[in-house]
A.B. asks: 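Quick one: the structure is below, and I'll ask about it shortly.
So you know, we letter chains A, B, ... as the sequences are listed, proteins then strands, and number each from 1.
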Amino acid sequence: MKKSMKKRLSLLLAGLLALAASTGCVGGAEAPVNNDTAPQTSTGADAGQNPEPTATAPEGAGTYKIGINYMTSASYVLVTLRDNSVKVIELLGSNALPIDDDANPEKIMQDIENMIASSCDGVIAWMLVDQMFDPLSELCERGKVPFVLNDKVPEDPATISNIKANPYFAGAIGPANAVYGESVAEYALAKGWKTVLILSGDAADPTDTPRILAFRAKFEAGGGIVLNEAHAASTADIQPTIDNALVAYPEPDFIYATGPDYSNASCDSLYGKGWKTKVLSSGLDSTSLERLADPDSPMDFLNGDNWVAGAFSAIILMNELDGNPLLDANGDKVWYTDIMPFGVPSAQYDLFKKFFIDEFMFTAEELSKMRTAVNPDFNYDVFMDVVKNYSLEERLKARYAEGKITKAEMDAAGIAVN
Amino acid sequence: MTRGVKAYMGDLVPLFTLLALTLFFSAATKGALLSAMNLNNILNQSIPPIIAGLGMMFVVAMGATDISTGVVVALASYFACMAVTAAGFWAAFPAAILAGLCTGLLIGVINTRFKVPSFMITLSFVISVRALVTLMLGIQTLQIAKPLRDLFNGWAVRLSVLAGLVLIVVYVFNYTPLGMYAKAIGENENAVKYTGINVSKVKIAAFAISGVMAAIAGVFTAARVGGVSTTLGTSFEMKVMMGLFIGGIPVSGGMGTKVSKLIAGCLMITLLESGLVLLNVSGAITQGVRGLVLLAAVYFARVVSLSIHNRAEAR
Amino acid sequence: MTSDIVLSVTGIDKHFGATHANRCITLTIKRGTVHGLAGENGSGKSTLASIISGIQAPDCGVMFKDGRHYTPETPLGANRQGVAMVVQELGVIGGLTAAQNLFLGKMKQFSRFGVVNVRRLLEAAHTAFAKWELPEVPLELPASAFSIEQRKMLELARALTNDPDVLVLDEISQVLSHDNRRVLYRFIDNFKAGGKTILMVTHDLEEMLAICDEISILRDGALVSTHDAADLDADKVKRLMIGREVSGHYYRMDAKADYSPDIVLKAEDFHVPGQIERVSFELHRGEILGVCGLSDAGIHELGTALFGLAEHRTGRLTYIPANTELKSAKDVVKTHGAYLSKDRDAYGLMLDADIHSNISLPNADRLSGALGFQNPRSLRALSEQAMKDYEIKSSGLEQHTRRLSGGNKQKVNLSRWLVKDLEYIILDCPTRGVDVGVKAYIYGILMELKRKGVGIILISDELPEAMGMSDRIMVLKDHRNAAVLNREADFSEERIVEVML
Amino acid sequence: MANIKALRQNPRVRAQFIIAAVLLSLFVAMHFVSGFKLLSPGNVKLLITQSVFPAFVSWGMMFIFTSGIVDLSVGANCILSANVGVLLAQYLGLGYPGLILGTVLAAVALEQLTIFCAVTLKIPSWIAGLGMALVMESATTVGLSAYLSGTNILWLDEYRALGTFPAMLAALILGAAVSMLISDRTAIGCNIRAVGGSPHVSGAMGIDAKRTVILGAVIGAAFFGIGSVFQVSYASKFIPVAGLGSLSTIFNPLAVVLLSGSFARYINTSVGVLVGSVLVTSIFNMLTLLGVPSGTWQQILLGAIVVTCGMISGVHTKGVVK
């Protein structure tokens, strides 16, 4: 009896250890982590002396272990944002350590602490709400680890100046959330629609709230009427919430859903009702895009930037770690919250899928050029040009220039090329 | 081995498990686990669950359930932040404690006066109080000012509050009638009632203590993350509960409820979360590995305590 | 099959850890008889009963039933071989209805394609009670709603659904009230008349002598001897059980009521809806006031209500020396009162806690100082003192109460109150489930308390006990105070039963 | 038999009438207040459709919880097994059999893992459930991310006939009938309660406790597996969650189980689950119709209603309440 128990126990433990070890290796398999035992390497100079630079990292550009926190593994939005950072880091020959925050604000701080303790050279930070930025900044300063703000950027002036004063602050980049909402409102007003149901998640979600506020301001100023703002308390509640709202407010002109989960639930709810109601949303996931391309689907408008902030923030951090921070004319770090969303017309869907979803939107070559250590011409202004010009068309043109897209395909997509 | 020693050994099992986990992770991380900075982190991260657990222990000792801890964290930190904004610095703890106390008293009164099972009450609190915080907080940003944050995050306050609370709870739990009654209710509520003890009062007190401790944990949590948000403390109660039960506190409560087990359990969980990051286990799979290791740790502790028990029995 | 020996056990031996519970017991039980097992607490009679019932397996030894090997590995196995039991370890399950409890594990016989025919189940349940003229319990209600007597009747009916040749009854009459005991005795007669056999364990020697045909006496796990009941009397049984001469009486000897005129407790118009109807009485210093009545007369409810645990209680209960009204259990404890519930395991002890915790529980408040501080040493000293003063046999203060014998459990239960200076105490069947030795010991304690001037309310299901110990007896009938009888004048069984009915 | 008849006319029946009357008048009143929307055919269809999942999960949990296992992994289990079913049906081309059998078998198998931890490894069921919830959530997200690109949701595009109204209505009625049949009219239903009540006594009565708990879990998991099939057919997806977010999936069913348990004195538990599920679903629907904001006030009111129901049922509760 006791013997069999012991055997079972040891088997179980052995299995666990193997699992833990194997998953541990996955994280570090591509390049051994050099900084395991080394003290904090906070500047590029230190990291540059790294004894075993990997093949893809040229002279002067170090390899780093970079921590990325992301809210939850269960959201396409947040996972894509994470993956964009991870891909940039990996394409540049460094190692990413993405940590799941378990959808928990306390865990965000805990994860950052743990990243610092596990000798990450830099941190790509995603903070849930404004008040978390100050603690983050202090934490990284104490740990002497450079950090970049990814996607979420604070609005409070005091917080902003605190962060900018932090020597370990590398930059901040995020989408133009208000523009997301406004462009939906503009589109609807142009179509002459008057009534709307808004479907969103948590009633105080920091991403959705500015979008909704901007949308309401614009739409109501244009004479539109918001029938109801429906908030789902959890993912399981999304479907019933929109179902119920559509009983209470039947056949609105359109539904403004703030993200993929909500737009898809809205489409499902409208399915078979035979209403003229359309769905307008943000977030470029494949299901939404396929529905947009389908003339029978109520999905009518989508915008987004494919969560590119994740990629840009990684570039900012890599340059910072190389010892080549991106500084503007005043010597300030990147602080940009206006990444513009774009729409994906159905004619361009196939190309979008190929070059944004199946492949990465930047090539390794493009990325390596965005590193001053490799390409001395790269600087703040060049970077800002890349950011400001970023759009579906611009990206497709770049692929065209590389010969990956034919002229015929570009014409079919309605993009003029010379 | 005498019975006394046996009981003592049984209490030590969670500590052994903790030690085993520590050894494993420090070996696997080549000592990084025990670096000064990481020890700081582990302590830091364990403080809120330990504090909340100190309160929840009273409820668990009675064999009752309190899953409202997470929402009390959110509610209390909301009031703490409001009080700081409105009245100043000093008001944080009183406001939070008052919020926690009221919630706990309410749960206790509904439980004893209206005979509603505590699991049901606290479940409905989880559903509704979270929504209440969302409603009150709305889109405003409630920040905890830097000096206050520094104070709460500073070693002096953090450690002294933790040590103070541990001492107070050890005292109340082991050296006063209240603690004894709470444990006795877990053993046999009727027996307690039939010795002339006002069981309702004890229960209300236990829920109130649980609420107050959750509130204090809430202030520390808010200080750590800089303020309140609507999702603050989400599934925090499950973390605390895991800490309690992994430490070996019986689900049915009673005399086996010990402060040392709670502390060992909470440290184990934090250690696990931290250790996996140090091992570069990343992404969604971390959660699964954590679940498996938790199950293994509980199983291990059970097997060990069983074999100690059997050996003592055989003599 | 026609042999007159239905069951024989040979060389049964059983150890529990260091305890040698049964020592090579060899015993034969004759068909169509009631066979009693007598012995002190811890003499091994319950162990033997549970081995025969298949609850415990013997370390060695064999058993034969109807001349064939009898190997009950489980109670179910025993049932299949014609042995059924009503024992303490196998209660009823509160979440199930009475009918489901009756046929638990036998649902298949009412099932077709796995679906139970509820009507047939209820009919069968009804028949099970009717067949032996047992008082039927509400069949469709969950057993959690039942009183302890109803539960016992249900257990008895459940055992009988197996249609056993041998029925093991372990201390069943202990929980039964006077009238239900009569039902039990009538049943035993009927059962025996059908040529079936009963193996009975009881602490009530008078009862045992009255209904058993043969009595086997156990001491320290070994069989002393087996006798015809006709050859025995109570003193002889006691002597055999204890192994030495014991005084013939353990009740008090004096025939006169003897107590101080000072009143300790005074109840006026004491009323609990549906339980107690306007009861008034006075308890004097040094008085033992017996309380008797039929099963539903409300005697046990009176105890609970006096202790302040009944809901919607009206009327006054006053502690006269301080002239304070007692409204809650706390008031009773504060005025140096105490209460002992009838159901010791459910309402008295924390069975899975150690002796120390159990003794400390009612004294914690009293012994705590500033800031509620309890000195572990003084608590421990108290427990040690209680253990010593009341001769609790155990392996130490850390022993779990569950492992103690019934008598020692009751000593723990009593001693924790007696270690403080009491003014009055309400005892509900204090000798339930304890052996003669402890019984005598408890009566001794009562006399000691009486001498100290403590007022005692002795609620009892056993008339001899009430008559033997009380100065006055209050008889409740239909929740009312029907009469208060005096030791000198009215103490006879006929008189009391007359008032009861 | 007279005895039995008398019992039938006990306060229980009266209480059932009162509860039915209160609920009915609530619905009728709300129908008028909501501008004749609540009981409109379309909305009644919706209410029934939405009730199916919580009802099946509650029935399932009822069987598991009654046997003494508090399993909090049910939500994670539903999500994982539904996605397994969709994967088999659509991506491996197994159609309806794949969807239904795949989901139900996955639910049963996963539940057996939890039960193995709780019963065989003797890990307290709370911990076993939470631990397995962590593992299952992680398995869902990791598994799906390996399979999908451009989204993290596995869509059920075909094989959605079970999500239509007639199927949902039939499911609800059949579910209640089968649950009632199993829990009240079969030996296993009785045994589950017996084991939950006292493993020792039921063991002595020849009931194998371990086997009963395992069987109870099989029945329970089959119920919530079927519930997941209907849910995924109706909503065409079962969005994965992480970080113990699956717990919020079962908050409403948990409330339903507790409610039906506390009204067990008056209403058969299986029927109570049905009524409770429709009620909880309707509360959100009603409040939306009344213009009460979702995500805040609706949840606050649900919490208040659960506690109030608990208080009402607690009026006659005697004895120990934990």
A.B. asks: Tell me, for A:S73 versus chain D, whether the close heavy atoms (under 4.5 Å) come from the side chain, the backbone, both or neither.
C.D. replies: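 Both parts, heavy atoms under 4.5 Å.
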A.B. asks: If you count heavy-atom pairs under 4.5 Å with chain D, which of A:I357, A:T287, A:D101 comes out on top?
C.D. replies: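 With the most close heavy-atom pairs to chain D, the winner is A:T287.
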A.B. asks: Measuring from atom CG of A:D243 to atom OH of D:Y234, what distance do you get when rounded to the nearest 0.5 angstrom?
C.D. replies: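 Interatomic distance, A:D243 CG to D:Y234 OH, rounded to 0.5 Å: 3.5 Å.
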A.B. asks: Does D:I239 reach the side chain of A:I238, with side-chain heavy atoms less than 4.5 Å apart?
C.D. replies: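 They are in side-chain contact.
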A.B. asks: List the atom of D:V241, the atom of A:A74, and the distance in Å for their closest heavy-atom pair.
C.D. replies: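 Heavy atoms only, the tightest pair is CA-CB, 3.2 Å.
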A.B. asks: What is the minimum heavy-atom distance between D:S294 and A:A230, and which atoms define it?
C.D. replies: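 Heavy atoms only, the tightest pair is OG-CA, 3.3 Å.
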A.B. asks: Between A:A103, A:A265, A:A232, A:P260, which shows the greatest number of heavy-atom pairs under 4.5 Å with chain D?
C.D. replies: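 Among A:A103, A:A265, A:A232, A:P260, the one with the most close pairs to chain D is A:A265.
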A.B. asks: By a 4.5 Å heavy-atom criterion (distance strictly below it), what part of A:D202 contacts chain D: side chain, backbone, both, or neither?
C.D. replies: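 Contact with chain D is absent: no heavy atom of A:D202 under 4.5 Å.
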A.B. asks: Please state whether the side chain, the backbone, both or neither of A:A236 comes within less than 4.5 Å of a heavy atom of chain D.
C.D. replies: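 Side chain only.
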A.B. asks: Go through the atoms of A:N104 and report whether side chain, backbone, both or neither lie under 4.5 Å from a heavy atom of chain D.
C.D. replies: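 No part of A:N104 comes within 4.5 Å of chain D.
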A.B. asks: When rounded to the nearest 0.5 angstrom, what distance separates CG in A:N244 from CG in D:N43?
C.D. replies: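 Between A:N244 CG and D:N43 CG, I get 7.0 Å after rounding to 0.5 Å.
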A.B. asks: Looking at D:W126, I'd like to know if its CH2 atom is crowded, meaning that more than 12 non-hydrogen atoms belonging to other residues, nucleotides or ligands lie closer than 6.0 Å.
C.D. replies: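 Yes, CH2 of D:W126 has more than 12 neighbouring heavy atoms, counting only those of other groups under 6.0 Å.
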A.B. asks: Quick one: which of A:L246, A:L289, A:L227, A:N264 has the most heavy-atom pairs under 4.5 Å with chain D, could you say?
C.D. replies: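 Most heavy-atom pairs under 4.5 Å with chain D: A:N264.
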A.B. asks: So do A:D268 and D:W155 actually touch side chain to side chain, heavy atoms under 4.5 Å?
C.D. replies: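 Sidechains of A:D268 and D:W155: in contact.
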A.B. asks: Which pair of heavy atoms, one from D:K37 and one from A:A248, lies closest together, and at what distance?
C.D. replies: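 Scanning both residues completely, I find the closest heavy atoms to be NZ-O, 2.7 Å.
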A.B. asks: OG/A:S234 to CD1/D:I250 distance, rounded to the nearest 0.5 angstrom?
C.D. replies: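 Spacing of OG (A:S234) from CD1 (D:I250) equals 11.5 Å.
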A.B. asks: Using heavy-atom distances under 4.5 Å, tell me whether A:V247 contacts chain D through its side chain, its backbone, both, or neither.
C.D. replies: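 The answer is both parts of A:V247.
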A.B. asks: Is it true that, when you exclude D:Y91 itself, more than 12 heavy atoms of the residues, nucleotides or ligands shown sit nearer than 6.0 Å to its OH?
C.D. replies: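 Yes.
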A.B. asks: Can you tell which part of D:T151 gets under 4.5 Å to a heavy atom of chain A, answering side chain, backbone, both or neither?
C.D. replies: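 Both parts, backbone and side chain.
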A.B. asks: Among D:G243, D:G150, D:G245, who wins on heavy-atom pairs under 4.5 Å with chain A?
C.D. replies: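 It is D:G150.
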A.B. asks: Evaluate the side-chain proximity of D:K237 to A:Q239: yes if any heavy-atom separation is below 4.5 Å, no if none is.
C.D. replies: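 Sidechains of D:K237 and A:Q239: in contact.
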A.B. asks: Could you tell me which portion of D:L46 (side chain, backbone, both or neither) has an atom closer than 4.5 angstrom to a non-hydrogen atom of chain A?
C.D. replies: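 Side chain of D:L46 only, per the 4.5 Å heavy-atom cut-off to chain A.
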A.B. asks: Would you find more than 12 non-hydrogen atoms of other residues, nucleotides or ligands less than 6.0 Å from D:K122 atom NZ?
C.D. replies: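 It does not: D:K122 NZ has 12 such atoms or fewer within range.
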A.B. asks: As an exercise, state the distance from CG of A:L78 to CG of D:N152, rounded to the nearest 0.5 Å.
C.D. replies: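 Here the interatomic distance stands at 9.5 Å.
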A.B. asks: I want to check something: taking the side chain as every heavy atom from C-beta on, are A:Y76 and D:I153 in contact at a cut-off of under 4.5 Å?
C.D. replies: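 No - every pair of side-chain heavy atoms lies 4.5 Å or more apart.
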A.B. asks: Do A:H231 and D:T296 touch side chain to side chain, with heavy atoms closer than 4.5 Å?
C.D. replies: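 Heavy-atom side-chain distance check fails, nothing below 4.5 Å.
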A.B. asks: With a 4.5 angstrom heavy-atom cut-off, is it the side chain or the backbone of D:F251 that approaches chain A, or both, or neither?
C.D. replies: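 No part of it gets close to chain A.
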A.B. asks: Identify which part of A:D237 has an atom lying under 4.5 Å from any heavy atom of chain D, answering side chain, backbone, both or neither.
C.D. replies: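 Answer is side chain: those atoms of A:D237 sit under 4.5 Å from chain D.
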